[in-house]
Amino acid sequence: MTEKPSRSHGRKAIRPALKPRELMTPSPDLHGVWKTKIITLFPSAFPGVLGESLTGKALQEGLWQLETVDLRQFGIGKHRNVDDTPAGGGAGMVLRADVLGDAIEHAMAGVQGNWPLIYLSPRGRRMDQRMMQNLARCDGITLLCGRFEGVDERVLEHFGVQEVSLGDFVMTGGEIAAQALIDATVRLIPGVLGNQASTEEESFASGLLEHPQYTRPADWKGHPIPEILMSGHHGRIAGWRHKMAEEITRERRPDIWAEYVKTNSESQD
C-alpha cells in the first residue's frame with residue numbers, strides 16, 4: 001500500500017499517524033504561529049483530543065503548534081523524584097520548587113512577545129470566553145499541569161505565574177484542564193474553524209448564551225421547527241434569535257445576564 005504524500009502547505013509537513021504523539025515530533029518553530037508549551041508528568045496525554053477533528057487538522061497544517069516538556073526529565077536523583085512532603089506536615093505530596101524551576105526555565109527559554117505562563121489550579125480565575133480571546137491574541141502560552149497536592153508556592157511567586165481554573169472543583173491533575181483551555185483558544189485562531197461566522201454567533205460572543213439551533217427533519221416526533229425559522233425573513237429570524245438568547249441567558253445564567261445588562265446600559269449613557 002502506497003503512503004499518501006504529506007501536506008506541507010509551505011511549512012513543516014506532518015503526516016497523520018496511528019499514534020497522536022507523532023503530531024508533536026520535534027519541529028522548527030513556525031514564525032508568527034501561535035504555540036503552546038505544556039509542562040507535564042504525562043506528555044503522552046497530548047495532543048489527545050486536540051489531535052482530532054478541526055484542531056488536529058489545524059495542528060497538522062501548521063496553524064498552531066504544540067510542544068510538551070516532560071517534568072520527570074528534571075527530577076532529582078536516580079529515580080528522578082519531582083515531589084516531596086509538604087513543609088509543616090500534612091497529607092499528600094507537593095511538586096518541588098527546584099524541579100519546577102528548571103522545567104519552567106527550559107520551557108520559557110527563547111520565547112518572545114506576549115507569552116503568559118499559566119498554572120492550571122482550582123485557586124485560579126475561572127476560564128471564560130474573554131480569557132480565551134485574549135490568549136488567542138498572544139504569541140503563545142506555557143501551561144503548567146500540577147499533580148498531587150499542588151506546587152511549591154515560591155515557584156508561582158518567582159515566575160509571576162497566572163493561576164487559571166476550569167471550574168470550582170478539584171481534579172487529579174491539570175492535563176484535562178489544559179486541553180480544554182487549548183481547545184477553546186485554538187478554535188479562535190483565524191483559519192482553524194474555516195467559518196469565522198461560527199465564532200461570532202456562538203455563546204458568549206455577544207455577551208449572551210447562544211440561541212436554540214434546529215435542522216432537518218422539519219418535524220421530529222411531533223416537535224416542529226419554529227415557524228419563523230422557515231419564513232426566509234432574515235431580519236425577523238435575527239430578532240427572534242436575539243430574543244431567545246436573552247431569555248435563555250436570563251433564566252440559566254443570571255450572572256452573565258447581569259453583566260450584559262450593565263454593559264448595555266453603560267454603552268447607552
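Sequential numbering from 1 along the given sequence is applied to the chain's residues.
- When all heavy atoms of Trp34 and Thr185 are compared, the closest pair comes out as CZ2-CG2, 3.7 Å.
- Considering only heavy atoms from C-beta on, Leu66 stays 4.5 Å or farther from Lys35 through its side chain.
- To the nearest 0.5 Å, atoms CE (Met132) and CG (Asp183) are separated by 9.5 Å.
- Listed by first then second residue, pairs satisfying side-chain hydrogen bond (donor to acceptor under 3.5 Å, both in side chains) with a partner in residues 170-182 read Thr40-Glu175, Arg147-Glu175, not counting sequence neighbours.
- Placement of Leu144 and Leu181 in two distinct hydrophobic clusters is found when ILVMFWY residues are connected by side-chain heavy-atom separations under 4.5 Å, directly or transitively.
- Taking the side chain as every heavy atom from C-beta outward, Met93 and Glu149 never approach each other to under 4.5 Å.
- A chain of hydrophobic side-chain contacts below 4.5 Å, direct or via other Ile, Leu, Val, Met, Phe, Trp or Tyr residues, connects Leu63 to Phe46.
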Ignoring hydrogens and angles, write down the donor-acceptor pairs under 3.5 Å from the side chains of residues 98-121, residues two or more places apart or on other chains.
| from | atom 1 | to | atom 2 | distance (Å) |
| --- | --- | --- | --- | --- |
| Asp98 | OD1 | Arg96 | NE | 3.0 |
| Asp98 | OD2 | Arg96 | NH2 | 2.7 |
| Trp115 | NE1 | Thr142 | OG1 | 2.9 |
| Ser121 | OG | Arg123 | N | 3.1 |
| Ser121 | OG | Glu163 | OE1 | 2.9 |

- [ ] In sequence, state the C-alpha distance, the side-chain angles, and the governing distance for Val151 and Leu156, and then conclude on side chain to side chain contact (heavy atoms under 4.5 Å, CB included).
- [x] CA-CA 8 Å; Val151 308; Leu156 305 180; 3.8 Å; yes
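- By the 4.0 Å N-to-carboxylate-O rule, Asp255 lies close enough to Arg253 to be salt-bridged with it.
- The line from CD of Gln213 to CZ of Arg241 is 6.0 Å long, rounded to the nearest 0.5 Å.
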Task: Residue pair Glu61, Lys57: steps toward the salt bridge (charged side-chain N to carboxylate O under 4.0 Å, His left out) verdict - done: CA-CA 6 Å; Glu61 294 179 349; Lys57 181 173 181 288; 2.8 Å; yes
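- Met171 and Leu71 fall into different hydrophobic clusters, where Ile, Leu, Val, Met, Phe, Trp and Tyr are joined by side-chain heavy atoms under 4.5 Å apart, directly or via other members.
- Judged as a side chain to side chain contact (heavy atoms under 4.5 Å, CB included), and not counting sequence neighbours, the contacts of Arg137 are Gln133, Asn134.
- Here Ile228 is tied into one hydrophobic group with Tyr214, Ile225, Leu229, Met230, Ile237, Trp240, Met244, each link being a pair of ILVMFWY side chains closer than 4.5 Å.
- Partners of Phe42 according to the ring pair (Phe, Tyr, Trp, His ring centres under 6.0 Å) rule, which considers only residues two or more places apart in sequence or in another chain, do not exist here.
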TODO: Show the numbers, then the answer: is there a side chain to side chain contact (heavy atoms under 4.5 Å, CB included) between Leu30 and Gln65?
DONE: CA-CA 8 Å; Leu30 303 178; Gln65 289 190 292; 3.7 Å; yes
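- Residues Val192 and Ile189 form a side-chain contact, since some pair of their non-hydrogen atoms from C-beta on lies under 4.5 Å apart.
- Ile39 and Ile182 are assigned to two separate hydrophobic clusters, defined by single-linkage of ILVMFWY side chains at heavy-atom distances under 4.5 Å.
- Between atom OG1 of residue Thr68 and atom CG of residue Leu143 there is a gap of 12.0 Å, rounded to the nearest 0.5 Å.
- Rounding to the nearest 0.5 angstrom, the gap separating the CZ atom in Arg252 from the CD atom in Glu247 is 11.0 Å.
- Between Met127 and Ala177, the closest heavy-atom pair is CE-O, 3.5 Å.
- Within the 4.5 Å cutoff, the side chain of Leu54 has heavy atoms near those of the Leu193 side chain.
- A heavy-atom distance below 4.5 Å is not found between the side chains of His223 and Asp219.
- Residue pairs that meet the salt bridge (charged side-chain N to carboxylate O under 4.0 Å, His left out) test with at least one member in residues 68-83, sequence neighbours left out, do not exist here.
- Listed here is the closest heavy atom pair of Gly75 and Val82: CA-CG1, 4.1 Å.
- Thr55 places a side-chain N or O within 3.5 Å of a backbone atom of Leu50 that can act as its donor or acceptor partner.
- Side-chain contact check for Val155 versus Leu95: every heavy-atom pair is 4.5 Å or farther apart.
- Using a 4.5 Å heavy-atom cutoff, the side chains of Thr249 and Tyr260 are not in contact.
- Residues Phe159 and Phe74 are members of one and the same hydrophobic cluster, defined by side-chain heavy-atom contacts under 4.5 angstrom among Ile, Leu, Val, Met, Phe, Trp and Tyr.
- Heavy atoms only, all atoms of each residue included: Ala178 and Cys145 are closest at CB-SG, 3.9 Å.
- Minimum interatomic distance between Met131 and Val164 (heavy atoms only, all atoms of both residues): SD-CG1, 3.7 Å.
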